[in-house]
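To start, the structure under review is shown below, and the notes come after it.
Protein chains get the first letters and strands the later ones, always in sequence-line order, with residue 1 at the start of each. No hydrogens, no waters, no symmetry mates; every other heavy atom, side chains included, goes into these values.
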Amino acid sequence: MSLTVLTVDDSRTIREMLRLTLVDAGYRVVQAEDGVHGLEVLSGEAPDVIVTDINMPRLDGFGFIEEVRGDPRHRAVPILVLTTESDAEKKNRARMAGATGWIVKPFNPAKLVDAIRRVAA
Amino acid sequence: MDPMAAIRDTFFQECEEQLAELETGLLAMEAGDLDPELINGVFRAVHSIKGGAGAFNLEALVRFAHVFETALDELRAGRLAPRPEIIKLLLRATDVLADHVRAARDGAEADTEHSQAMIEELRTLGPEGADDGQAADEIDGLDFQPIALQPEPAVARSAWTVFFRPRADLYAKANESARLLRELASLGATLTTLDAAALPDLDALDAEATYLAWTIELATEADEATIRAVFEFVDGDCELEVTSAGADSPQAAPDLDIAALIAKAQSQAATPVDTAPAISEARRAPVAAPAPSSAPEQPAGPAAGGTIRVDLERVDRLIDLVGELVINQAMLSQRVMEAGLTRVSGVAMGLDELEQLTREIQDSVMAIRAQPVKSVFQRMPRLVREVAAQTGKAVRLVTEGETTEVDKTVIERLADPLTHMIRNAIDHGLESPARREAAGKAAEGVVRLAAAHRSGRVVIEVGDDGGGIDRVRVKQIAADRGLIAADAPLSDDEIDNLIFLPGFSTASEVSDISGRGVGMDVVRRSIQALGGRISIASRPGQGSTFTLSLPLTLAVLDGMVVSVEGQTLVAPITAIVETLQPKAQDVHALGGGAQVINIRETYVPLIDVGQALGYRRQPLAAGAGVALLIEGEGGARAALLVDAIQGQRQVVIKSLEANYRQVPGVAAATILGDGRVALILDLDTIVAVSRGDQRKAG
Amino acid sequence: MTEPTSNAGATARELISFRIGAQEFCVDIMAVREIRGWTQATALPQSPAFVRGVINLRGAVLPIVDLGARLGFDSSEVTARHVIIVAQIGPQLVGLLVDAVSDILTVTDGVIQPTPDVASDTAKTFVRGLMAIDGRMISLIGLDHLLPEQHLEAA
């Protein structure tokens, strides 16, 4: 049975690229547009991996990760952060919030899939 | 369609949305709204554009967006104050960003000089030594540090010792030691030793704490960087040491003294690994297009707020089909009537119901294509900024009724006329700030753009509070151009309308901005081609307002079918105030062939349609025919004389210009129940031409 | 759609020939969309005499040009014309009113002779060349500029 990946990003373009890449790699993909939407989706799904952006309206990546880590059901789900920002301070903040790993946009599809396999094997 | 091409289209669509959000946000900030969420939204708009652009390797766009984003980051972090001149700069940057987006979309080059100038200006806002985004672009893929490259000799296999003690945080982030060890093992032969010395008794065991450490002896061809890469994600959440056990043992599995190693490991003070910045290959790998997947071609997007995205072609096809349905239903009704079948019970009622249903379907389908005029209005702020800058005038744009809905095809064809009128308003209508102040007005002029629904039409107003039409000058120009007799007695209204005459404006008269050979006559023809009317009201010293009246949709028309000299014609009902049977004694001649008719003690020009269109030489005898009393937008009335009225019908509008060209007096064509083409009259032109003819003749 | 000039490459092309009065003409078949019989046209006001009006072509409005009149012939034989050749000229469809369609010819460019200088202005505008086929003279017609220019419409 294929793994489920939840992708959270407010850019339609990025969501479609993620879907294309991940479906092609054999994953089942569910999507959300921002942190709040992501939490809503999580109430009905139990993904094996979460890939999320940082900069989003309503609830940003940091807040979203903290919420997920605070939920007993999803505490142990690997979360990869996908964003254009690469400064150490933001990375640290993501790590503090509970991110498992970090990928910089524009993402290389092969490496994205690789990263997912590594955290969700 | 290639999935990446479809996503590229999506990206550019999204860019337009982001640009609109960006501009709206900045304008709100300019107006004083400093809600942090607003500022964040502005940042995100540029951030989003940059993110997507990177994926498609749109370098110039990425570079500009990055500098813009950096400046906006300063703004949202509170390090840059949102002063008016700053916001104005950001608005201009928005315009440049838009240019980059469109250039990228069309495969053209954006204006590099202009762009570079803007980049320099933006850099003055940012933090010192802000990078220009090149470094960030080049970091590719997974990038969780510490790959300190060391010149490793290329040996067949070397022995490594890896010491790994995870901290609690590692697990809290859903990383797993087992997985990491497994991955390490995939690099070569390993010998793993567990150090459980820290493990307490079971009752003291905290399930969330970590007590274990491992020492792994690894014989691998991989280099140190690869070994460390296995622990990329968990750096900082563990103690990690990777040491080379020496390159002088080329055998597969070096002989190891386990005890000695464990002792060595345990005695070593764990130090956090150096977080040297990743120096990976400076190569931005293009996002490869995967093999065509079964991705749907028309993504009907998330039904957020109960909307769906539909391909425009499908809607157009639906509208065409419904149009044909209307024609067919009319033809069927006619044939049934002619065959005398309406007397058969139920047939008449059935036909009526069919007509009702068809009309309802048509209305519903038309509504699908209805869009708020906002999409056209939102191009205007930028236009106003540019023209204001070019003319050196201070202008504020006020818009109203942006949510007024109009058929998509009408909206698209409104852009050019509106653009021209707003240019005119700023260039010719508004005075310079100095002159305005001298006249006791505010230095900043106001251009007003408003839309509303009024009696089944869409009314759009473009107004300014400038100096109004200079009537003396307009009359002089018209006389000079031979458009009127120099001493012709004209009312103020008539003088104002002179600007609509072809040949009124020429390059020498009109400035570079509103010129380019486009005069108000072209604007009026564009509006008329849409089935609309345009009129002007002006007060000297106070300003002018153009009023456009447009049909709600282009495709259908409520028409009055009439006969003129054996021809079947259609007159738009919305313009017809009443119909009446003229009596001979009410018709009077004015000289020069002109006639008027007395309607309830008011004299109204009487125009014989057959004569106006050239179907007959002599007008109908006085007292014959039927007169349609029409009212133009300015309230001017005229009576159009036709031979007879055949009835009222909703007709589907067919373009005459698609295969032929514009014919004066004819707005469009339609296909009647008998399959024949009938012309739809352009009442305003008929009246205007007739009036003009009379004036010239007189 | 531009007509290839008579000194373009020596490739063969197909032409459709038709008759107006006693004369024969032809046009490139690539420009022809269909051929139909005459139906009563709706007259257009303020139009040149050679524009006979418009008809309904499956929901589109098609102008009908009396080709003979356009070429400058006497229009007294109007009633004899009852075939409409629907041609594509640029982005527009136009119906050419002729007497009858004769044949489909395949010719190479070498067969087409240039129009002699003695021809009238109208002929020069539309006649792209002459051909002699089976002892008959057939004029090759170019359809650009068939419709009146905008300024001709003003009454």
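Looking at A:Pro57 and B:Asn40, their side chains never come closer than 4.5 Å, going by heavy atoms from C-beta outward.
Within the model, atoms CD1 of A:Ile14 and CZ of B:Phe11 stand 8.5 Å from one another, a figure rounded to the nearest 0.5 Å. Going from atom OG1 of B:Thr10 over to atom CZ of A:Arg12 covers 6.0 Å, rounded to the nearest 0.5 Å. To the nearest 0.5 angstrom, B:Ile7 atom CD1 is 4.5 Å from A:Leu20 atom CG. Atoms CZ and CE, on B:Arg8 and A:Met17 in that order, are 12.0 Å from each other to the nearest 0.5 Å.
Listed in order of number, the residues of residues 12-20 of chain B that approach chain A to under 4.5 Å between heavy atoms are B:Gln13, B:Glu14, B:Glu17.
With A:Asn55 as reference, B:His47 is the one residue of B:His47, B:Arg44, B:Glu69 to meet the side-chain hydrogen bond (donor to acceptor under 3.5 Å, both in side chains) rule.
Annotation: side chain to side chain donor-acceptor pair (under 3.5 Å) contacts of A:Arg69 (sequence neighbours excluded): A:Thr100.
For A:Asp60, no part lies near chain B; criterion is any non-hydrogen pair under 4.5 Å.
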